[in-house]
Amino acid sequence: MSMYWIAGGTTSAGGFIDLNNIPQTFKHLQIRVHGASAYTSGGTQGYIETWIGLNNQSSPQPTAGYTHRLYTFGSTAISDAGSQTGLLSTTWLPYGYSDDFVGSYIIDIHDYTNTNKFKTIKCFGGYDVNGSGLVATHSGYSNITGAVDQIRVATNSGGFKAGAKIDLYGLTASNFTGA
Amino acid sequence: MPKGMQVIYTQNLTSGAASTITFNNIPQTFDDLLIVGSARTTETGQTWSQCDFRVNGISSTIYSKTSYYGYNAGTTGTDRATNQNAVPLGWFNAPNSTANIFGYAETLISNYSKSGIFKSVFSDAVTENNSTGGLIIKTSGLIQLSSPITSITLINNATWTQHSSFTIYGIAR
């Protein structure tokens, strides 16, 4: 098989996960997340942004980046973009709901060891709580040309709810070209 | 064949550009194919390039597509095209985008090895940029070919740049 589990874990309340010492032997990386936000605000319900940081980046850092988004909260399609420093925006997770309501997202990082390229990520994910929710695709660029060997998976405020599952996979390349 | 995803071929343009990339002799032992690309083109005057593929060397109008997209921080839309001579692989960065940023696409071809049915395509692509000028596009496509797919040729309106890379995976269900 060509998709291998590398590392992962389950978060504590308010936590995040650092994926360290990522092997440099794969072609692409994929991160899969399943969970909710631990953010609270006077008993309200809503959604909180999630992030990843590459190679020990954490806000604020001067590294340049950009994020583009295509998403909907259920009524209209929205397209927007914004510059980033340090962390790259991924998607949103719900907060304030019971433990049964979680979101999921998949982050892809292509050619992560290639030192001739800035790093591009794509995230597809969302959540539904039977009356509200969202689905979104985020793309992001970071002006890191070095190989990615560390990734932080985090949320904007409050951290992940206890029990969020985060896993890192590697996809291999072939020695055959088929040309 | 064990269920799961298995890498088949990888082509890395390490030494220079190429006008097309072709994968021949695709094994017929899987159910679906997944093409994963990190690439850039030389299409002059463009921020991103539409890039397509053909199967089994066929350039007749057996291909069609439906897409939805968002770009430039505010524009969304849809698109449909019938009777085309190729089907979308994805969109990739071109010279007017920030240098050294390579676009990303994953393209799924369902039932590629089956006889008697047409082939479905799904493409998920993004092009990034150090500005608002980025593109996210999702496409479903059709290849009106009843025989199995044995070769795939990746094309664009110019050339693929050095360091572009494509890998084909087979998926057994």
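Predicted, not measured: the structure shown is a model, and the values here were computed from it. So that the names make sense, note that chain A is the first sequence line, chain B the second, and so on, each numbered from 1.
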Chain A contact via B/Ala105 - side chain, backbone, both or neither, heavy atoms under 4.5 Å = backbone
Show your reasoning for whether side chain to side chain contact (heavy atoms under 4.5 Å, CB included) applies to B/Arg80 and B/Ser67.
-> CA-CA 6 Å; B/Arg80 169 166 288 147; B/Ser67 301; over 6 Å; no
Pair A/Asn114, A/Asn116: side-chain N/O donor-acceptor within cut-off below 3.5 Å | yes
Any luck finding a side-chain donor-acceptor pair between B/Glu128 and A/Thr120 under 3.5 Å?
-> no
Which bit of A/Asp108 is near chain B, if near means a heavy-atom gap under 4.5 Å: side chain, backbone, both or neither?
-> both
Tell me, for A/Ser83 versus chain B, whether the close heavy atoms (under 4.5 Å) come from the side chain, the backbone, both or neither.
-> neither
For A/Phe124, is it the side chain, the backbone, both, or neither that has a heavy atom closer than 4.5 Å to a heavy atom of chain B?
-> side chain
Select one option (side chain, backbone, both, neither) describing which atoms of B/Phe102 are under 4.5 Å from chain A's heavy atoms.
-> both
Region of B/Ile152 in contact with chain A, defined by heavy-atom distances below 4.5 Å = neither
So, the part of A/Asp111 with a heavy atom under 4.5 Å from chain B: the answer is side chain
Determine the option with the most heavy-atom pairs under 4.5 angstrom with chain A, choosing from B/Thr127, B/Thr75, B/Asn25.
-> B/Thr75
Greatest number of heavy atom pairs closer than 4.5 Å to chain B - which of A/Lys122, A/Met3, A/His28, A/Lys119 = A/Lys122
Given a strict heavy-atom distance threshold of 4.5 Å, which part of B/Asn130 is in contact with chain A: side chain, backbone, both, or neither?
-> both
Please flag which part of A/Lys27 lies under 4.5 Å from any non-hydrogen atom of chain B: side chain, backbone, both or neither.
-> side chain
Centroid-centroid distance, A/Phe16 to A/Trp51, less than 6.0 Å | no
Chain A contacts: which residues in residues 33-52 of chain B have a non-hydrogen atom closer than 4.5 Å to it?
-> B/Val36, B/Gly37, B/Ser38
B/Ser151, B/Gly103, B/Gly70: which one forms the most heavy-atom pairs within less than 4.5 Å of chain A?
-> B/Gly70
Just by distance, with hydrogens left out, do B/Asn129 and A/Tyr66 show a side-chain donor and acceptor under 3.5 Å apart?
-> no
A/His68 (side chain) donor-acceptor with B/Ser131 (main chain) under 3.5 angstrom = yes
Pair count under 4.5 Å, heavy atoms only, with chain B: among A/Leu171, A/Ile78, A/Thr76, A/Ile121, highest is A/Leu171
Under a 4.5 Å heavy-atom cut-off, does chain B meet the side chain of A/Thr67, its backbone, both or neither?
-> backbone
State plainly whether the residues A/Asp80 and A/Arg69 are in salt-bridge range, i.e. N to O under 4.0 Å.
-> yes
Quick one: does A/Tyr4's side chain have a donor or acceptor within less than 3.5 Å of a partner on A/Met1's backbone?
-> yes
Verify whether one side chain among A/Arg32 and A/Gln30 offers a donor that lies under 3.5 Å from an acceptor in the other.
-> yes
Heavy atoms from other residues, nucleotides or ligands near OH of B/Tyr112 exceed 12 (cutoff 6.0 Å) = yes
Can we call the ring centroids of B/Phe30 and B/Tyr169 under 6.0 Å apart?
-> no
Name the orientation class of the two ring planes belonging to B/Tyr9 and B/Phe23 (parallel below 30°, tilted from 30 to 60°, perpendicular beyond 60°).
-> parallel
Side chain from CB out, backbone as N, CA, C, O: work out which of these in B/Ala172 comes under 4.5 Å of a heavy atom of chain A, or both, or neither.
-> neither
Please state whether the side chain, the backbone, both or neither of B/Gln162 comes within less than 4.5 Å of a heavy atom of chain A.
-> neither
Parallel under 30°, tilted from 30 to 60°, perpendicular over 60°: which one fits the rings of B/Phe166 and B/Trp160?
-> perpendicular
Backbone N/O of B/Ser19 and side chain of B/Thr159: donor-acceptor pair under 3.5 Å = no
Quick one: what part of B/Thr132 sits under 4.5 Å from any heavy atom of chain A, side chain, backbone, both or neither?
-> both
